[in-house]
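The structure under discussion appears below in the form of structure tokens.
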Amino acid sequence: MAEPRTVTAYIDYKSPYAYLAKDLAYELERDFPVRVDWLPYVLDIPSFLGSARVDDSGQVLEEQRNPHQWRRVRYSYMDCRRQARRRGLVIRGPQKIWDSALAACGMLYAKRQGDAALRRYHGMTFERFWKRELDIEDPAVIGAVLAGAGVDIAGFSAYSAGEGREELDRVCRAAEAIGVFGVPTFVVDGELFWGREHLPDIRAILAA
């Protein structure tokens with residue numbers, strides 16, 4: 001049999017849009033003879049949306065964000081929560097700008113142990129992070145998620161401190177070289193599609 005077609009999907013766990021796209025991307029594998037190749041792309045959110053830190057009540061504790069950026073951020077989370085409710089998902093706005101590099105290393109590590117392990121890791125990481133139940137900057141926490149996903153974590157600590165960071169950097173730079181700047185981004189036959197709203201276009205290409 002011919003090898004399945006590949007759809008590359010770049011995601012970042014701290015992106016609510018990537019969370020909303022995850023299951024829709026997996027549906028491509030269900031409906032077409034394709035394989036989704038998941039890769040991390042770590043967003044530098046402060047570079048385009050500024051940064052802020054809030055308390056449990058939403059009170060701003062510190063900020064480096066202009067009024068335009070605040071309007072954009074507030075609308076984005078309102079829209080994502082609206083879409084999430086329709087699908088029974090929970091999205092709670094984060095209280096700070098998280099560094100998702102460690103969780104991205106976890107993605108690459110889980111990927112080495114098979115698609116099933118990676119899918120479980122995706123599900124656990126996205127769901128718990130967007131419920132504010134997961135510290136994606138804590139190596140012990142990410143290790144526990146990997147273990148819960150059925151991943152052998154014996155080498156994860158060393159990997160995430162060295163080789164994993166190097167691999168993550170190579171993946172992100174390679175993504176930028178082909179034009180990736182945000183997530184979710186999908187690549188089909190060398191063509192880029194940014195955002196889950198383009199999944200119907202991707203489905204049409206795969207069906208042709």
Side-chain angles (χ1 to χ4, degrees), residues 4 6-32 34-43 45 76-77 79-95 98-157 159-160 164 167-168 171-172 175 182-187 193 195-199 202-203:
T6 298
V7 175
T8 303
Y10 288 96
I11 62 168
D12 186 341
Y13 293 115
K14 67 174 178 284
S15 165
Y17 293 105
Y19 184 22
L20 291 171
K22 173 181 67 71
D23 291 340
L24 301 178
Y26 272 121
E27 289 176 3
L28 297 177
E29 292 184 329
R30 181 195 67 191
D31 297 339
F32 301 97
V34 302
R35 176 181 176 272
V36 178
D37 182 21
W38 298 92
L39 290 172
Y41 182 71
V42 178
L43 296 172
I45 292 178
S76 294
Y77 282 111
D79 185 47
C80 286
R81 285 193 295 269
R82 178 167 54 198
Q83 299 300 320
R85 282 194 297 270
R86 294 175 181 174
R87 293 166 50 192
L89 303 176
V90 175
I91 289 181
R92 301 183 65 200
Q95 294 174 283
W98 290 84
D99 179 358
S100 55
L102 179 65
C105 287
M107 181 199 307
L108 292 171
Y109 192 79
K111 185 177 178 180
R112 293 182 171 196
Q113 299 192 27
D115 291 342
L118 177 60
R119 185 167 187 158
R120 290 191 294 267
Y121 178 73
H122 278 334
M124 295 167 68
T125 303
F126 270 125
E127 180 179 2
R128 295 178 185 179
F129 177 74
W130 287 103
K131 288 181 177 179
R132 292 187 187 168
E133 296 174 354
L134 193 70
D135 182 346
I136 59 172
E137 297 175 354
D138 187 326
V141 169
I142 295 300
V145 175
L146 285 166
V151 175
D152 179 355
I153 63 170
F156 177 66
S157 180
Y159 173 83
S160 63
E167 183 179 359
L168 175 61
V171 169
C172 292
V183 299
T185 291
F186 303 95
V187 185
F193 298 86
R196 76 187 188 284
E197 64 270 24
H198 290 294
L199 282 165
I202 294 171
R203 296 180 72 88

Take S15 and L43 through the side-chain contact (heavy atoms from CB on, under 4.5 Å) test and state the conclusion after the steps. CA-CA 8 Å; S15 165; L43 296 172; 4.1 Å; yes
State, to 0.1 Å, how close V36 and A9 come at their nearest heavy-atom pair, and which atoms those are. CG1-CB, 3.8 Å
Between T125 and H122, is there a donor-acceptor pair closer than 3.5 Å when you use the side chain of the first and the backbone of the second? no
Closest non-hydrogen atom pair between A25 and F186, with its separation: CB-CE2, 3.9 Å
Spell out, as yes or no, whether a donor-acceptor pair under 3.5 Å connects the side chain of Y109 to the backbone of G155. yes
Spacing of M107 atom CE and L102 atom CG [to the nearest 0.5 Å]: 12.0 Å
Measure from the side-chain N and O atoms of R196 to the backbone N and O of K22, and report whether any donor-acceptor pair falls under 3.5 Å. no
Short side-chain to backbone donor-acceptor contact, Y121 and A103, under 3.5 Å: yes
dist L118:CG -> L108:CG (nearest 0.5 Å) comes out at 9.0 Å
Nearest atoms (heavy-atom pairs only) where P40 meets A104: CB-CB, 3.6 Å
Minimal non-hydrogen separation, C105 against L168, with atom names: SG-CD2, 4.2 Å
Donor-acceptor contact present, side-chain K111 to main-chain W38, <3.5 Å: yes
Of all residues at least two apart in sequence or in a different chain, which pass the side-chain hydrogen bond (donor to acceptor under 3.5 Å, both in side chains) check with Y41? E176
Could you give the distance from CH2 (W98) to CG (D12), rounded to the nearest 0.5 Å? 13.0 Å
Quick check: does any side chain N or O of E137 sit under 3.5 Å from a backbone N or O of D99, one acting as donor and the other as acceptor? yes
In Å and rounded to the nearest 0.5 Å, what is the CG to OH distance from L146 to Y159? 10.5 Å
With a 4.5 Å limit on heavy-atom distance, are the side chains of I11 and F126 in contact? yes
Are any side-chain N or O atoms of R87 and backbone N or O atoms of L20, one a donor and one an acceptor, separated by less than 3.5 Å? yes
If you look at every heavy atom in V145 and M124, which pair is closest and at what distance? O-CE, 3.7 Å
Criterion side-chain contact (heavy atoms from CB on, under 4.5 Å) on V42 and K14, from CA distance to verdict: CA-CA 9 Å; V42 178; K14 67 174 178 284; 3.7 Å; yes
Within this structure, what is the CD1-CZ distance for the pair I136 and R128, rounded to the nearest 0.5 Å? 14.0 Å
Aromatic contact between Y13 and F129, with the criterion being ring centroids under 6.0 Å apart: yes or no? no
Spacing of CG belonging to D79 relative to CD1 belonging to I91, to within rounding of 0.5 Å: 9.5 Å
So, for A175 and Y10, which heavy atoms are closest and what is the spacing to 0.1 Å? CB-CE2, 3.4 Å
